[in-house]
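The structure under discussion appears below in the form of structure tokens.
Per chain, numbering begins at 1; letters A, B, ... match sequence-line order. Just so you know, these numbers come straight off a predicted model, no measurement behind them. All heavy atoms count here, side chains included; hydrogens, waters and symmetry mates do not.
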Number of protein chains: 2
Amino acid sequence: MVSITDIAHALGITPSTVSRALAGSSRVKEETRIAVEKKAREMGYQRNIVAANLRKGRSNIVGIIVPRIHREFFSNVIGGAENVLGEAGYNVLICQTIESKEAEIKALKTLRNYNVAAVLISHAIESTNSAHIKDSLGSDIPLIQFDRVFPDLPGAKIVGANCDGAFTATKHLIEQGYRKIGTIAGYMSSLAYVERLAGYKLAIESAGLPYDESIVYYDTIVKETGYAACEKALEQGCDALYCAGDFSALGAIEYLKEKGIRIPEDFGIVGTANESFTALMFPSMSSLGQHPFEMGQAAAKAFLEGRTDTQVIPMELHIRQSSNKNNTWQK
Amino acid sequence: MVSITDIAHALGITPSTVSRALAGSSRVKEETRIAVEKKAREMGYQRNIVAANLRKGRSNIVGIIVPRIHREFFSNVIGGAENVLGEAGYNVLICQTIESKEAEIKALKTLRNYNVAAVLISHAIESTNSAHIKDSLGSDIPLIQFDRVFPDLPGAKIVGANCDGAFTATKHLIEQGYRKIGTIAGYMSSLAYVERLAGYKLAIESAGLPYDESIVYYDTIVKETGYAACEKALEQGCDALYCAGDFSALGAIEYLKEKGIRIPEDFGIVGTANESFTALMFPSMSSLGQHPFEMGQAAAKAFLEGRTDTQVIPMELHIRQSSNKNNTWQK
DNA sequence: TGCTAATATACAAACGTTCGCATTAATCGC
DNA sequence: GCGATTAATGCGAACGTTTGTATATTAGCA
């Protein structure tokens, strides 16, 4: 492995000059710089990033902490972040928490030890407050939160327009002529779900409909609980559900199909996340789409540009069969 | 940031002893070790991994290079690898190539500069041979290949049982009573696709059917080309297709649905990869499933255990509506 | 008591960079 | 032609750890 010292010896100069030359410092002569670069190429020099990082006390690694790498939403966020960070010369170190607070703390400490340039995080469901975050990471590493954020932590935040989106989705159901619209809400420990519920409520109330707590199904996020919630919703006389997740919506559709209830004629469903299966299933599912790739890009840019504000990424309603009562089905 | 030197000063001993104590070396007295550990806890000591890595000339980072992080298959492999490596105290640095050979070379060089403990790679489509790999990575870093592998490179390889799987899938189509079964093959530059084609051929021939090159559709991997290939297959009198990918199969199904051809009564389809949408779409798609999470785990373990052999991960045929002519539809 | 062997710790050199400061060489103005 | 200024490079310490070798201490034994 050839080092700057080797290049320096070969050229009869010192490592410091070589270092400066390779860094493009104005403190070295153009001529020397060219000679150094030539020699470096000749000798197959590769900069030792670890040594540079140690000396500088900061690395060009950006840590990303997500609940689960293989969740479609998160892998797309990571893809978007890598896309921007790679361009800028950063590398990404991935940690997953599997929704565990303990794992999150461990990941934060590890990243601190790596002297990472920044941390991008979407916190675990088990992390119900932000106290452990600054303790584990310290305060000198920029923290960029996305999707699941703690509002009380300083620094950049990238969130979906959950309230707006849920409002639009619910309004769409109302406009389709559904009369009693319930909602499959998620966990109220997560701001994103709180906001979606707020958007739902706003839409219901601004249409002059009664907001009814008894048809709000909390803590429902997976297929199985969505199935059960739909059963209850039917008993309570609902004819549509806005679901704060696609998987709970999937469970609801499954229940309706089993019972032979027609979708969308007799019952309307809108999910959230626009997972790829929503467009392909039958009936295809209307879904409130997030833009995970763009969120990842925005998070990366927020770090690169030193932003500390909150960015809201719009959500987009994809109207498909499961809620499209009146119009011809869209593809 | 507190260092071992700080702990040493606080205890009136030297950094070397502290280092050894924390590493659990038998060269320090039990008593000293306990004192050091206590002090370290008290002072909130965190080991500086970067410094340790520099000194040791090897880091506890494992690099993973994939074409696209957000492709379902790869994000699952990464999830599986992280799962095993995290347990073993390694961290995962992710690079994506977007199928570009140039990006792959850059990623390999970067990982070499980080002195990574190992590299797990599934190469880009543009990388048609292995020459650049050893040049860029050097030969002292273990290289574990998965899914898309170069047989001529030494070291561990984790592959799906592509030939076996394609054989099973094609045999299934034959048993369902389809008479002229074509195949949507992928790129022959990639071994995985070559093997799938071989399995298809084997099944056709061992059933006494004629192997017909004219109904093998090469270089077809995305939805659009699958759509076109299916059109040709119909013209040529096929009544079934084994597709080496799920997306090309999706295109084929789309074409059949548009033309009003009944699935599976008039035409059978089996895809490959068992992407999550295959189970949810309509008609649900039969698919030859890989086990990406397990492949990731196997790749990680191959590194940890120092294996250099080739492991074959079985593939599993999920029979769903699109090929299930005779039996009642499975869920 | 003196010698050997063991145990426990200290010393110091690395790993490859970076960067403040010092030094040397060249240029300029008068 | 001399002092002052600028340009180019050299020197050396530092980043925090690990580890081979040396030293000091203790124990064992004759």
Side-chain angles (χ1 to χ4, degrees), chain A residues 1-37 39-40 43-61 89 109-110 112-117 138 140-141, chain B residues 1-37 39-40 43-61 89 109-110 112-117 138 140-141:
Chain A
M1 208 77 273
V2 26
S3 73
I4 51 168
T5 316
D6 300 327
I7 300 178
H9 286 157
L11 292 173
I13 56 177
T14 61
S16 14
T17 307
V18 175
S19 172
R20 278 189 263 260
L22 292 173
S25 160
S26 61
R27 282 176 57 182
V28 304
K29 210 169 17 177
E30 179 75 3
E31 194 187 315
T32 336
R33 212 202 67 226
I34 292 175
V36 167
E37 279 169 358
K39 202 75 187 174
M43 302 177 72
Y45 170 74
Q46 300 269 33
R47 179 155 166 276
N48 184 320
I49 308 183
V50 178
N53 288 350
L54 173 62
R55 170 59 228 235
K56 290 200 286 196
R58 180 106 315 173
S59 78
N60 54 348
I61 296 179
K109 286 186 176 169
T110 302
R112 168 150 81 157
N113 293 353
Y114 274 112
N115 287 326
V116 293
D140 49 344
I141 296 176
Chain B
M1 208 78 271
V2 26
S3 73
I4 52 168
T5 316
D6 300 328
I7 299 179
H9 286 156
L11 292 173
I13 55 177
T14 62
S16 20
T17 307
V18 175
S19 173
R20 277 190 261 260
L22 292 172
S25 160
S26 63
R27 282 175 58 181
V28 304
K29 205 163 33 172
E30 179 75 2
E31 193 187 315
T32 336
R33 213 203 65 228
I34 292 174
V36 167
E37 279 169 358
K39 202 75 187 174
M43 301 177 72
Y45 170 74
Q46 300 269 33
R47 180 157 165 273
N48 184 320
I49 308 183
V50 178
N53 288 349
L54 172 62
R55 170 59 229 240
K56 291 200 283 197
R58 181 107 313 173
S59 79
N60 54 347
I61 296 179
K109 287 185 175 170
T110 302
R112 169 150 79 156
N113 294 353
Y114 274 111
N115 288 326
V116 293
D140 49 345
I141 296 175

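- One can place NZ of A/K56 at 20 Å from P of C/dC15, the figure rounded to the nearest angstrom.
- Side-chain atoms of B/R27 lie closest to C/dT9 of the nucleotides D/dG10, C/dT9, D/dT17.
- Taking atom CG of residue A/L11 and atom P of nucleotide D/dT9, one finds them 11 Å apart after rounding to whole Å.
- Contact check, B/T32 against C/dT9: a side-chain N or O comes under 4.0 Å of OP1 or OP2.
- Between A/A23 and B/T17, it is B/T17 whose nearest contact on DNA chain C lies nearer the 5' terminus.
- Within 4.0 Å (heavy atoms only), B/S3 reaches sugar-phosphate atoms of the nucleic acid but no base atom.
- For A/T14, whose side chain is taken as the heavy atoms from C-beta onward, the closest listed nucleotide among D/dT9, D/dG10, C/dT17 is D/dG10.
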Working for side-chain contact (heavy atoms from CB on, under 4.5 Å), residues A/D140 and A/R58: CA-CA 11 Å; A/D140 49 344; A/R58 180 106 315 173; 4.2 Å; yes
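- Using modelled atom types, no side-chain atom of A/T5 and backbone atom of A/P15 make a donor-acceptor pair closer than 3.5 Å.
- As a whole-Å value, the separation of B/N113 CG from C/dC15 P is 17 Å.
- For A/V28, counting side-chain heavy atoms from C-beta on, the closest listed nucleotide (C/dT17, D/dG16, D/dT9) is D/dT9.
- Considering only side-chain atoms of B/R20, the nucleotide from C/dG16, C/dA10, D/dT17 that sits closest is C/dA10.
- Taking atom CD1 of A/I4 as the reference point, atom P of C/dC15 lies 12 Å away to the nearest angstrom.
- For the residue pair A/S16 and A/S19, no side-chain donor N or O sits within less than 3.5 Å of a side-chain acceptor on the partner.
- Atom CG in B/N48 sits about 11 Å away from atom P in D/dC15, given to the nearest Å.
- Mapping B/S16 and A/G12 onto DNA chain D via the closest heavy atom, the residue that lands nearer the 5' end is A/G12.
- Side-chain contact check for B/V28 versus B/V18: every heavy-atom pair is 4.5 Å or farther apart.
- Note: B/N115 CG to B/I141 CD1 = 6.5 Å, rounded to the nearest 0.5 Å.
- Taking side-chain N and O atoms only, B/Y114 has no distance below 4.0 Å to OP1 or OP2 of C/dG16.
- Nearest nucleotide to the side chain of A/Y45, out of C/dT17, C/dA12, C/dT9: C/dT17.
- Within the 4.0 Å cut-off from OP1 or OP2 of D/dT17, not a single side-chain nitrogen or oxygen of B/S19 is found.
- Atom P of nucleotide C/dA8 and atom CD of B/E31 are separated by 10 Å, given to the nearest angstrom.
- A/I49 comes within 4.0 angstrom of no nucleic acid atom, judged by non-hydrogen atoms across all strands.
- The side chain of B/A52 sits closest to D/dT17 out of C/dT17, D/dG10, D/dT17.
- Rounded to an integer number of Å, the gap from B/N115 CG to C/dC15 C1' is 10 Å.
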Full working for side-chain contact (heavy atoms from CB on, under 4.5 Å) between A/R33 and A/E30: CA-CA 5 Å; A/R33 212 202 67 226; A/E30 179 75 3; 3.0 Å; yes
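- Note: NZ (A/K29) to C1' (D/dT6) measures 14 Å, nearest angstrom.
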